[in-house]
Protein chains: 2
Amino acid sequence: MEDEAKPGPAREADAGAAAHLAVSAQVATDGRPPRRSDSTRAAILRAARERFASDGYERATIRAVARDAAIDPSMVMRYFGNKEGLFAAASEIDLRLPELTVVPADEAGTRLVRHFLERWEGDETLNALVRVGVTNPAGAERVHSVFRDQVAPVVASVCPDPQQVPVRAALVASQILGMAVSRYVLRLPPAAALTHEEIVNWLGPTVQRYLTAEGP
Amino acid sequence: MEDEAKPGPAREADAGAAAHLAVSAQVATDGRPPRRSDSTRAAILRAARERFASDGYERATIRAVARDAAIDPSMVMRYFGNKEGLFAAASEIDLRLPELTVVPADEAGTRLVRHFLERWEGDETLNALVRVGVTNPAGAERVHSVFRDQVAPVVASVCPDPQQVPVRAALVASQILGMAVSRYVLRLPPAAALTHEEIVNWLGPTVQRYLTAEGP
DNA sequence: CTGGCGTGTCAACGAGTGTTGGCCTACATT
DNA sequence: AATGTAGGCCAACACTCGTTGACACGCCAG
């Protein structure tokens with residue numbers, strides 16, 4: 001699901017020639033020969049994620065995305081229908097959460113925190129998702145579904161009482177999301193200055209308690 | 001001490017402190033007959049906070065604010081200079097954090113959580129601040145200053161090691177802000193369904209630990 | 001060669017935005 | 001009564017946005 005390297009440091013007028021050479025290599029799931037459009041499509045998505053992550057939904061303009069991808073704005077429309085469609089495609093994400101059942105029960109918290117930390121810094125998509133989620137109703141809906149389909153099940157796998165799963169998942173989300181917002185979105189200086197180890201050591205026990213401790 | 005309300009062009013945003021209680025025109029604090037502008041000014045600010053809180057910075061249009069306040073858009077400009085000035089005035093906030101030094105040391109956490117919870121639901125300003133903080137660079141800067149000038153000092157008053165104040169304040173902020181984002185901004189269903197008591201009981205100990213526990 | 005099709009550009013439209021300047025009205029002061 | 005002024009409205013400007021339709025180039029099949 002990843003983009004490929006784009007050559008252009010200088011954005012010459014030769015966008016066409018660049019696309020020529022950069023015949024995409026990976027279609028993976030499909031027997032068809034790789035279309036030239038695959039690479040532009042990937043470039044658009046990469047630019048879109050970047051813009052959504054740094055600007056939010058409204059300020060991330062299709063024109064800016066197109067400029068970053070070195071193509072015409074109308075191409076974005078043709079590929080993704082409209083801005084909403086572009087966001088839907090750009091915010092598709094798999095958190096790749098670890099199987100908490102196979103790690104020692106008392107390490108689930110630290111494990112989860114560490115995973116999110118690495119994920120957040122390795123993939124712009126997560127940042128884009130949060131920024132747009134706060135900006136835009138459709139983005140919030142997307143966050144809901146990620147929470148429901150990916151976070152809640154993992155919490156359920158280690159939570160003693162199934163009835164408490166939603167509450168505990170919400171608590172875990174509140175802490176992890178809160179650190180992400182403070183550190184990556186608002187960039188509160190002290191939060192941004194923390195090392196991974198510090199964060200894991202402080203937040204790990206909190207998440208662990210939310211996951212498995214009985215009663216409040 | 002208070003500057004007289006003279007709405008000129010490009011007027012700087014002045015203190016909106018009076019706006020808290022001064023909903024109507026009869027602010028009997030001085031002998032002058034109440035200007036009509038006092039009430040409109042308050043109406044604009046109220047509408048602005050509402051819009052910023054529910055729509056974020058970019059989607060909250062001056063025209064919409066004006067419509068809510070039942071006046072002409074150009075009035076907003078005359079009173080606050082420009083949109084940025086309007087936000088600056090509308091996001092002026094005093095968290096009114098409690099003196100943690102006068103409460104039992106082990107209740108600081110729950111006390112703080114409860115305070116924020118009530119504050120968040122009793123005043124649209126806080127919501128507006130967070131929504132815009134995530135949307136807009138200037139809003140983020142405003143959050144920084146509130147964190148630095150209001151949250152950090154209170155944390156400092158109960159934190160054993162002065163050197164750890166920024167870190168601990170950031171941790172506290174991450175948890176409280178995370179719950180606020182989950183509950184009021186994203187409205188994750190399980191987070192929105194929690195009662196105040198549940199939240200206090202779960203988050204209280206976390207915040208308490210961030211405030212005073214030694215080591216991670 | 002020819003014709004379609006995929007890929008891409010160009011120029012424009014309509015809507016909505018922040019912002020500005022001119023004009024009007026009520027009223028307090030002279 | 002005359003008038004200055006604060007408070008307010010209206011119409012417009014300049015701009016940006018998402019979006020659209022017409023046109024241009026390069027490729028393959030017939």
Side-chain angles (χ1 to χ4, degrees), chain A residues 6 8 11-24 27 32-44 47-48 51-52 55-88 90 135-136 138, chain B residues 3-11 13 25 31-44 47-48 51-52 55-88 90 132 135-136 138:
Chain A
K6 203 187 57 162
R11 36 168 227 89
E12 289 290 326
D14 259 354
H20 246 286
L21 296 175
V23 179
S24 77
V27 247
R32 289 184 328 216
R35 303 271 176 126
R36 227 189 22 238
S37 67
D38 290 342
S39 78
T40 37
R41 191 187 169 84
I44 294 175
R51 286 287 176 177
F52 281 134
D55 293 346
Y57 188 81
E58 340 285 337
R59 300 186 47 206
T61 71
I62 286 191
R63 284 169 152 97
V65 169
R67 203 179 322 123
D68 291 355
I71 45 105
D72 190 88
S74 63
M75 281 285 93
V76 179
M77 306 299 297
R78 200 175 288 191
Y79 276 62
F80 299 98
N82 53 25
K83 190 175 181 179
E84 213 173 310
L86 174 63
F87 169 70
T135 310
N136 185 270
Chain B
D3 55 354
E4 43 185 29
K6 183 175 201 169
R11 176 104 179 88
R32 286 191 331 227
R35 299 270 176 138
R36 221 169 119 45
S37 71
D38 291 340
S39 76
T40 11
R41 190 189 168 84
I44 293 175
R51 285 287 175 179
F52 281 134
D55 293 346
Y57 189 81
E58 342 284 337
R59 301 187 45 205
T61 71
I62 287 190
R63 283 170 154 93
V65 169
R67 201 179 322 124
D68 290 356
I71 45 104
D72 190 88
S74 63
M75 283 285 93
V76 178
M77 306 299 298
R78 235 207 273 246
Y79 276 67
F80 300 98
N82 54 26
K83 189 176 181 179
E84 212 173 312
L86 174 64
F87 169 70
V132 175
T135 310
N136 185 270

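Letters A, B, ... mirror the listed sequences (proteins, then strands); counts begin at 1. Because the structure is predicted, anything quoted here is derived from the model rather than measured. Atoms considered below: every heavy atom in the structure, side chains included; atoms not considered: hydrogens, waters and symmetry mates.
- Look at A/Thr40 and you'll find a side-chain N or O under 4.0 angstrom from OP1 or OP2 of C/dG8.
- Atoms CG and CZ, on A/Asp72 and A/Arg63 in that order, are 9.5 Å from each other to the nearest 0.5 Å.
- Of the inter-residue distances, the one linking A/Phe52 atom CZ with A/Glu58 atom CD reads 9.5 Å to the nearest 0.5 angstrom.
- Distance, B/Asn82 CG to C/dT20 P: 8 Å, rounded to whole Å.
- Rounded to an integer number of Å, the gap from A/Asp72 CG to C/dG6 P is 19 Å.
- At least one side-chain heavy atom of A/Ile71 sits under 4.5 Å from a side-chain heavy atom of A/Val76.
- In this structure, B/Tyr57 OH and B/Thr135 OG1 are separated by 10.5 Å, a value rounded to the nearest 0.5 Å.
- What separates CE of B/Met75 from C1' of C/dG18 is a distance of 15 Å, to the nearest Å.
- Pairing each heavy atom of B/Ile62 with each of B/Pro73, the nearest pair is CG2-O, 4.0 Å.
- The nearest heavy atom of DNA chain D to A/Ser74 and to B/Ser74 marks one nucleotide each, and the one closer to the 5' end goes with B/Ser74.
- Here C/dG18 presents its C1' atom at 15 Å from CD1 of B/Ile44, a figure rounded to the nearest Å.
- The line from CD1 of A/Ile44 to CE of A/Met75 is 7.5 Å long, rounded to the nearest 0.5 Å.
- Computed from coordinates, the B/Lys83 NZ to C/dT20 P distance equals 15 Å when rounded to whole Å.
- B/Met77 places its CE atom 16 Å from the C1' atom of D/dA11, with the value rounded to the nearest Å.
- At a non-hydrogen distance threshold of 4.0 Å, A/Ala60, A/Thr61, A/Ile62, A/Arg63 from residues 55-63 of chain A come into contact with DNA chain D.
- D/dT16 atom P lies 11 Å from atom CZ of A/Arg67, rounded to whole Å.
- Taking the side chain of B/Tyr79 as heavy atoms from C-beta on, and the options C/dG21, D/dG8, D/dT19, the nearest nucleotide is D/dG8.
- Between the side chain of A/Arg78 and the base of C/dG8, a donor-acceptor pair under 3.5 Å is found.
- Taking CG from A/Asp55 and CG from B/Asn136, the interatomic distance works out to 10.5 Å, rounded to the nearest 0.5 Å.
- In this structure, B/Phe80 places its CZ atom 16 Å from C1' of C/dT19, rounding to the nearest Å.
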